[in-house]
Structure formats: C-alpha cells, structure tokens
Amino acid sequence: MNFPYELVLLLPAAFALGWWASRRAGANRSGAEVSELSSDYFRGLNYLLNEEQDKAIEVFLKLAEYNRDTVETHLALGNLFRRRGEVDRAIRLHQHLVSRPGLSGAMKTVALLELGEDYMRAGLLDRAEALFADLVAMDAHAPSALHHLIAIYQHERDWHKAIEHARRLEVMTGEDETPMIAQFFCELADRAHQHGASAEAGDYLRKAFECQADCVRAFMLTARLQSEEGRHAEAVEAYEAAINADIAFTPEILPPLLNSYARSQQMERAEIFLRDMLGRYHGISPVLALANLYRQRDGERAAIDFLTSQLRQRPSVRGLMALIDATMDKAEGEVRENFLILRDLTRKLLEGQAMYRCSRCGFGAKAHHWQCPSCKSWSTIRPIHGVASE
Ligand SMILES: [Zn+2]
C-alpha cells in the first residue's frame with residue numbers, strides 16, 4: 001500500500017483519539033457502545049489509509065459530534081479539510097477550536113499552528129505571518145513557526161527577513177542552515193547585479209561564501225560578474241572552481257566557461273581541464289566541448305574520431321546528433337537526405353524531454369531553477385544523466 005506521509009502525520013492524533021475513545025467508552029458506556037465507537041474509529045482510520053478522504057471525513061465528523069470535546073478529532077479533521085483544499089472549512093474549524101474556553105495552552109498553540117498553515121494555503125500570508133510571529137514570541141512550536149515564516153519570506157522574496165529568521169532557527173535548533181542562507185545571499189547578489197550594482201553584488205557574494213565556502217551558485221555569479229567586466233582569466237578560475245565544487249552543475253557552467261577560455265585565449269588550459277573531467281564526470285557535455293575544440297584545431301576528421309570513440313563508452317542522443325552534424329557535411333545525395341531524416345528524428349527525441357529533476361521530490365523541468373518550484377528545496381534540481389539527456 002502506498003502510504004502518503006501526510007497521513008502518517010495524522011496517525012498520532014488518530015491513535016490518541018482511538019485510545020481515548022475506547023478508554024472513555026469503557027469507563028462510561030456499555031460494551032455495545034464501546035465496540036460501536038471503536039469500530040467507527042477504525043473504519044475512519046481505514047478510509048484514511050486508503051486515501052478515501054470523503055468517507056474518512058464523514059466518520060470522523062460523526063465521532064466529533066459524538067465526543068464534542070475531542071480536540072484531536074477536530075485537529076485531524078481540520079488537517080484533512082486543508083489537504084483536500086477546503087481551506088475555508090479548515091479555517092472555521094481551527095478558529096472555533098482556538099476560541100474554545102477551557103482549551104489547554106498546549107492544544108491551543110497546536111490549533112494556532114494549524115490555523116497559520118490554513119492561512120498560508122489560502123494565500124492570506126499577512127495573517128499567517130502575524131500568527132507565526134506570535135508563536136515564535138511565545139516560544140511555542142517556534143521551530144515549526146520559523147520554518148513557515150522563512151517559507152513566507154522566500155515566497156515574498158524578502159531575502160533579508162529570510163536570512164534573519166534562518167539564523168534564529170539555527171540558534172534555536174542547532175541545525176546548520178548555512179547552505180540555505182548562502183542561497184538567500186545569492187538571490188540578493190543576483191538582484192543587485194540585475195540593477196547594475198556590481199559592488200553591492202560582490203558584497204553579497206562574499207557573504208554567501210562566508211556561509212558556504214563551496215557554494216556553486218556564488219562561484220557562478222562571481223564568474224559572470226568578472227566576465228561581464230572583461231576579466232576573463234579570473235572568470236575561468238571561478239567557473240572551474242564552480243565545477244570542482246559540484247560537478248553535477250557542469251551542463252550549466254560549461255558554456256560560459258568555454259566562452260571565457262576563448263576570450264582569455266587559454267585553449268590549452270581548456271583541453272587539460274576538459275580531458276581531466278572525462279575521468280570524473282559521465283555526462284556528454286565535456287565530450288561535445290572537446291569535439292568542438294578538436295574540430296577547430298585539427299579538423300573534422302579528428303572531431304569525428306574522438307566522438308566515435310567516446311560514444312561507445314557513453315551512449316548519448318546529444319552525442320549522436322553532434323556526430324550526425326559532423327558527418328553530414330561530407331555526405332552528398334541520398335546519403336545526405338538520410339542524414340537529414342536521422343537528425344530530425346534525434347531532435348524530436350530530445351524535444352519535450354525534462355533535462356532537470358529535483359533530487360528531493362522528483363519534479364521534472366526543462367530549465368534549471370535554484371529553488372525547486374514544487375518542494376521549495378534549494379540546489380536540489382540537477383541535470384538528468386541518461387542516454388536522452390546529459
Ligand atoms: Zn523538489
């Protein structure tokens with residue numbers, strides 16, 4: 001059975017409810033009622049586990065009606081409403097819970113945390129922010145509230161506040177959030193660069209490196225700034241450092257790096273670096289770059305020989321296309337026509353392919369994103385390696 005993880009989160013509340021229901025029923029009610037109540041509860045749980053949420057809600061509503069003071073049932077229900085997209089119902093339920101007299105402080109803060117998540121889902125970010133800030137100030141569920149606040153500031157692209165709260169989270173939990181904070185500084189650097197403030201961008205990049213000395217994105221941005229200022233030799237250093245920091249980003253880094261090699265007339269260095277990469281990287285990008293280099297330096301024949309030998313070791317549609325392109329120039333008549341058809345077919349094979357995938361949630365994308373649009377993790381979207389991709 002597929003076991004959705006949100007349901008696992010509901011289980012403690014559901015089990016607590018079952019325990020409570022059976023204990024209470026045992027104390028106050030007859031045997032018949034005990035079995036009715038617990039069979040209802042287990043029926044509801046069963047629906048939950050089978051993702052039959054409509055039926056689960058029906059059963060749990062009945063249980064909540066029967067035991068008006070069962071906070072856990074309400075929490076489980078509210079959570080279900082929110083996950084089904086019935087945010088208004090979830091908000092009403094949690095607001096009702098929060099305003100209930102006699103609710104314990106601990107349960108009240110749980111309900112507030114849930115209400116904050118409802119507001120977030122409803123897009124009422126101001127209300128959610130105020131609520132989570134209150135919880136942090138009360139030191140109640142502060143790590144969860146801080147996580148939500150950081151998510152809100154990321155959504156609003158308020159990177160300064162995101163950094164401030166990530167640092168508070170680090171102090172509170174002792175966990176290392178520096179790779180995420182480095183990304184926030186890179187966002188600030190990127191924004192400054194877009195506004196033409198390169199000195200400011202440089203300052204943010206230094207802060208990104210202070211957080212994470214091997215931050216690939218900070219190396220790439222540094223190289224881009226240097227290359228735009230005509231400092232191509234320095235850009236080569238920074239781009240090479242980026243590849244050495246995380247070789248998985250090679251398809252992103254290689255095109256501007258090749259440009260910087262050419263601009264700084266360091267083609268020998270380029271060949272040495274690319275040759276070295278062949279041993280430690282299994283994608284096709286460095287092969288294509290080397291083939292191009294050999295074509296320009298030694299002619300088409302050398303490029304074709306190199307490509308053929310490499311394609312045997314790493315089959316790749318993009319490599320095949322480069323080989324077709326190289327061979328086609330020499331072909332004539334019917335053979336050339338066939339090559340054109342082949343090239344068309346291989347291009348169609350590559351079209352529509354997701355080139356990147358999130359290593360956290362599996363989200364597929366055609367373009368690279370530093371933050372996964374789906375699960376919001378940073379630096380988890382990576383080029384896909386395989387015959388039809390990198
Ligand atoms: Zn993701």
Side-chain angles (χ1 to χ4, degrees), residues 2-10 51 53 79 82-85 87 113 116-123 125 128-129 132 143-159 161-163 165-166 169-170 173 175-191 208 211-212 214-221 242-243 245-254 281-283 285 350-390:
N2 234 335
F3 212 75
Y5 107 107
E6 291 95 337
L7 292 186
V8 178
L9 295 180
L10 278 178
E51 288 207 89
Q53 298 179 354
N79 203 318
R82 185 172 65 240
R83 286 194 303 114
R84 281 166 45 99
V87 191
L113 194 66
E117 286 191 47
D118 299 340
Y119 286 150
M120 271 181 86
R121 177 64 77 87
L125 295 187
E129 182 187 349
F132 290 134
S144 299
L146 276 173
H147 272 294
H148 289 310
L149 280 173
I150 294 166
I152 290 173
Y153 297 134
Q154 287 179 54
H155 182 81
E156 293 176 336
R157 308 183 69 74
D158 188 338
W159 306 113
K161 278 192 181 166
I163 291 167
H165 286 77
L169 184 64
E170 278 192 319
T173 62
E175 277 168 28
D176 180 21
E177 304 291 350
T178 46
M180 182 173 72
I181 299 174
Q183 291 291 328
F184 297 161
F185 277 119
C186 286
E187 288 286 344
L188 285 168
D190 207 4
R191 185 188 290 169
C211 291
Q212 192 189 1
D214 63 346
C215 178
V216 181
R217 189 182 181 185
F219 277 124
M220 287 170 72
L221 270 169
I243 286 182
D246 194 340
I247 202 162
F249 287 97
T250 294
E252 293 300 301
I253 303 166
L254 218 43
Y281 180 76
H282 301 291
S285 292
L350 290 174
E351 267 172 24
Q353 287 272 351
M355 300 299 279
Y356 301 86
R357 195 169 302 291
C358 174
S359 58
R360 181 79 47 89
C361 74
F363 178 84
K366 281 190 195 169
H368 179 251
H369 304 264
W370 286 107
Q371 185 180 29
C372 173
S374 177
C375 73
K376 309 293 178 199
S377 303
W378 290 94
S379 294
T380 51
I381 294 216
R382 288 161 172 270
I384 297 172
H385 285 246
V387 175
S389 38
E390 172 62 11

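Just so you know, ligand 1 is whichever comes first in the structure, and atom 1 is the first atom listed for that ligand.
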Check your understanding: Which residues satisfy the side chain to side chain contact (heavy atoms under 4.5 Å, CB included) test with D246, sequence neighbours excluded?
Key -> V216, A248, F249, R382
Exercise for review: Not counting sequence neighbours, which residues clear side chain to side chain contact (heavy atoms under 4.5 Å, CB included) with A166? List them please.
Suggested key: I150, M180, I181, F184
Review point. Is any side-chain heavy atom of L169 less than 4.5 Å from a side-chain heavy atom of E175?
Key: no
Point to revise | Contact summary for G364 and R357, nearest pair of heavy atoms | key: CA-NH1, 3.7 Å
Check your understanding: For residues 364-373, which residue pairs qualify under side chain to side chain donor-acceptor pair (under 3.5 Å), counting only residues two or more places apart or in two chains?
Key -> Q154-Q371
Revision key, fill the gap. A correct count of protein N/O/S atoms found below 2.8 Å of the Zn ion (ligand 1) gives 4
Practice item. Verify the distance criterion only: is there a donor paired with an acceptor across the side chains of E129 and Y153 at less than 3.5 Å? Key: yes
